[in-house]
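Down below is the structure, laid out as structure tokens.
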Amino acid sequence: MNKLKLGVLASGRGSNLQAIIDNIESGSLSAEIAVVISDQAEAFSLERARKHGLPAIHVSAGGYKGKREEYDALLVRELRKFNVEFVVLAGFMRIITRVLVKAYPDRIMNIHPALLPSFPGLHVQKAAIEHGVKFSGCTVHFVDEGMDTGPIIIQAVVPVLDNDTEDALSARILTQEHKIFSRAIQLYAEGRLKVDGRRVLISDGTNNADAFLINP
Ligand code: GAR
């Protein structure tokens, strides 16, 4: 059977990309990475991809200020060149427009380091500590035209400890990100996800079988 062809968009260090690569190489994720694209020339994610023999390209956003849709059209052209079927946002720090969403409807996944719909946007681990929540975590969701608003696929929960720093909480959340992102992609690759309005049903008949609570 043909493997699902992923296009990974990543702006930074790429630890989520690395987890996906590792899970593919170990056989626990049945997909292939067709291309890794970054908006940042120096992104470590590009280096990680090349180290594993994967096509990795920089698509500069310079010259596209105020022209987000045009930039996304460029991304779509690049993704299609590599026959990408499914788009993974692994720390892609740009707002996606309808141009990309419409090109890949219900075929874009994002990982977010908070329990959505709480704490959308940026610097959310710091915001969670400052707000005083007792639990935070991460969310994998399909991408729609809003910011961090699309249907939720899997969430993992971690405690927020009294002495937490932003870095400590981020690291605790990141460990879970590395697990649930690949798991969500695998569920999609197996054809087990069904989007029903805001809810994503997993084909064993539940919508929360993959949410789990992690101990400190
Ligand atoms: C991750 O924590 C991811 O959840 C977050 O950026 C980090 C990327 O780390 N994404 C967002 O905040 C998206 N709005 P990584 O480059 O090591 O995968």
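Please read these numbers as outputs of a predicted model, since none were measured by experiment. Counting convention: from 1, in listed order, for ligands and their atoms alike.
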(request) State which residue, out of V88, L79, N110, fulfils the side chain to side chain contact (heavy atoms under 4.5 Å, CB included) condition with L9. (result)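 Among V88, L79, N110, the one meeting side chain to side chain contact (heavy atoms under 4.5 Å, CB included) with L9 is L79.
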
(request) Decide yes or no on side-chain contact (heavy atoms from CB on, under 4.5 Å) for E85 and Y104, but give the supporting numbers first. (result) CA-CA 8 Å; E85 299 165 307; Y104 288 94; 5.7 Å; no

Protein residue, atom and distance nearest to [atom], heavy-atom basis:
atom                    : result
atom 7 (C) of ligand 1  : R13 NH2, 4.2 Å
atom 6 (O) of ligand 1  : M93 CE, 3.3 Å
atom 14 (N) of ligand 1 : H112 ND1, 4.0 Å
atom 8 (C) of ligand 1  : G91 CA, 3.7 Å
atom 4 (O) of ligand 1  : E177 OE1, 2.7 Å

Looking only at distances, please establish whether an N/O atom of ligand 1 is found under 3.5 Å from an N/O atom of [X].
X   : value
G14 : yes
N16 : yes
S15 : yes

(request) Any chance you could lay out the side-chain contact (heavy atoms from CB on, under 4.5 Å) test for Q186 and L29, step after step, and finish with the verdict? (result) CA-CA 6 Å; Q186 179 64 22; L29 174 55; 3.4 Å; yes

(request) Compute whether any side-chain donor of one residue and acceptor of the other, for Q40 and S11, lie under 3.5 angstrom apart. (result)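 No, because no side-chain N or O of Q40 sits under 3.5 Å from a partner of the opposite role on S11.
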
(message) Go through it in stages, so that I can follow the logic: the residues are K126 and E130, the test is salt bridge (Lys or Arg N to Asp or Glu O under 4.0 Å), and I'd like the CA-CA distance, side-chain angles, deciding distance and then a yes or no.
(response) CA-CA 6 Å; K126 185 164 178 276; E130 286 174 359; 3.2 Å; yes

(message) Parallel, tilted or perpendicular: which one describes the rings of F86 and Y188, with boundaries at 30° and 60°?
(response) tilted

